[in-house]
Every structure is written in C-alpha cells, then in structure tokens.
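Here is the structure we will look at, set down as structure tokens.
Each chain gets a letter, A, B and so on, in the order the sequences are listed, and its residues count up from 1.
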2 protein chains.
Amino acid sequence: METIGQILRNKRQTLGLLLRQVSAYVDIDQAILSKIERNERKPTKEMLDKLAEILKLDKDELLIQFISDKIAYEIVDEDCASKVLKVAEKKIKYLKSHPIQN
Amino acid sequence: METIGQILRNKRQTLGLLLRQVSAYVDIDQAILSKIERNERKPTKEMLDKLAEILKLDKDELLIQFISDKIAYEIVDEDCASKVLKVAEKKIKYLKSHPIQN
DNA sequence: TTGTTACTTGACAATAAGTGTCAAATATAG
DNA sequence: CTATATTTGACACTTATTGTCAAGTAACAA
C-alpha cells in the first residue's frame, strides 16, 4: 500500500528523473517536491496534473490516491473509521441525487 | 438524510431547549451554536461530547455523523468519489494492520 | 404600538494552519 | 575531496479558523 508520496518518488526514480527536473517542469521549488514525496506537504491539483504528465501516471488514478490518502489519515485514528466511510458513502449518494440544495 | 446541524437542532427543539441553555451547558457562545446548527461552523470534539450529553444523543453515533459529514462534503464534487472511499478503506485497513510506521 | 424573547448575522481581532523561498546541512556517489 | 542530489529548518507571507460581541431580524404578547 503506497502513499501518494511513495508513488511519485518511485515513478520518478524509475524514470531516472531528478527532483530538480521534475520540480522545474511542475514549476515549484524542489524543496517542496521533496516534501511532497515524503508526505510532508500536500500537492495542489495543478501540481498533481503536472506530475501525472511528466511521470506518465494516470491523472485520475493519482487524484484518487491523493484524496483517499487524505481521508485515510483523517480518520485512521477513529475506531469507528469503517462505519464513517459507510455513512459518508450514503451521504454522498444522497447529495448527488439532490443536487440543488445547499 | 440529515446533516449534523439538523440532527442537533431537531433534537434540541424536540427537547424544548433554547440555544441559550444548550450553549451555556456546552460553554460556548450561543452565536457559535447557532452557526453549528446551520452547518456554518464545525463543532470540536469536546463540543460534540457535551452536545451529546445534554441532547441525550449517542456520542459515538454523533461523532460518526460529524466525520462522515465532513468527508462527504469534501469529496462530493469529485466524480470519482465512490472509488476514493473504496481506496481509502483499503488504506485504513493497511494502516491499522501496520501501526508502527509514520 | 411597544416590549420581549429567540435566534441570526456580520465585523472584529486573535490564533492557527498552510504556503513558497532560500540557504545551510546531509547524504550519495565518483 | 568534490560534486551532485536531496533534506531540513527558518523565515515571511497568505489564508483559514476561531471566539466575542453588538446589532440585526422575526414572531408574538401585552
């Protein structure tokens, strides 16, 4: 089970790219990319898109990993975590089928 | 499908309690409670516990509603929302079975 | 009308959280 | 040792979130 940071780092190294090269393409400081790869900072969606491009990763898949990472860390310490996910799913379905309100 | 705010407001009114009374018990400004009930602000866990007490709601159930609300609103706009939840669940199971790292 | 009660709203300051930049500190390899 | 790659931490800056407060609306009674 890889974190988003691990995915990015692994793929970058597989492709033989340097932090400097990738960060230049994404147009961020390489310190930031270093932190993203170690899950110390979170990428924005723009960064994710650019990263997916240069690292030849599937954009949607990367986004899914990113968001699910965030959620997982948000609730992993709750002992009701799996119940939370079930209820959240119901709420989302409800919200999607009742698009106007709020 | 009720939001956390609706749950709190409904139960308070059922019990015939005033914002003033409940907010005094929870030890917060009644403006804050008003906003919580309209989902304009999020309660802390301490507030939730106190609210569950005075409103005779199940503490764990309330927490689940609270967190799932947060998550639902976080990802409802993603069209990959349900995939996200599935991946998140896997990640949580993984994290719980590998407790030491990070 | 006038007054009272319950609730809502918005402005405000204080605090916390997140951001990018940079230079110095560590590796890692040649 | 030297050079290159990466990490770290301090810093200033912006953005979010917070509690407090006073003024606002709305409903109703006197």
Q: On DNA chain C, check which nucleotide each of B/Ile32 and A/Met47 is closest to and give me the residue with the more 5' one.
A: B/Ile32

Q | A/Thr44 vs B/Arg41, nearer the 5' end of DNA chain C by closest nucleotide | A | B/Arg41

Q.
If the threshold is 4.0 Å, N to carboxylate O, is there a salt bridge linking A/Glu74 and B/Lys70?
A. yes

**Q.** Donor-acceptor pair, side chain of A/Arg41 and main chain of A/Ile36, under 3.5 angstrom
**A.** no

Q) Among D/dT8, C/dT9, D/dT7, which is the nearest nucleotide to the side chain of A/Arg9? A) D/dT7

(Q) Is any side-chain heavy atom of A/Gln13 closer than 4.5 Å to one of A/Arg9? (A) yes

Q.
Taking any heavy-atom pair under 4.0 Å as a contact, classify B/Leu18: base, sugar-phosphate, or nothing.
A. sugar-phosphate

Q) So, is A/Arg38 close to the D/dT6 phosphate, meaning a side-chain N or O under 4.0 Å from OP1 or OP2? A) no

Q: Check whether any side-chain nitrogen or oxygen of A/Ser34 sits under 4.0 Å from OP1 or OP2 of D/dT6, and answer yes or no.
A: no

Q.
When you measure only distances, ignoring hydrogens and angles, does the side chain of B/Lys35 come within 3.5 Å of the base of D/dG19 through a donor and an acceptor?
A. no

Q) Base, sugar-phosphate alone, or nothing: which one does A/Arg20 contact when heavy atoms must sit under 4.0 Å apart? A) sugar-phosphate

Q: Answer yes or no for A/Lys42 and A/Phe66: cation-pi contact, defined as NZ/CZ to six-membered ring centre under 6.0 Å and angle to ring axis within 45°.
A: no

(Q) Does D/dA5 have its OP1 or OP2 closer than 4.0 Å to a side-chain nitrogen or oxygen of A/Arg12? (A) no

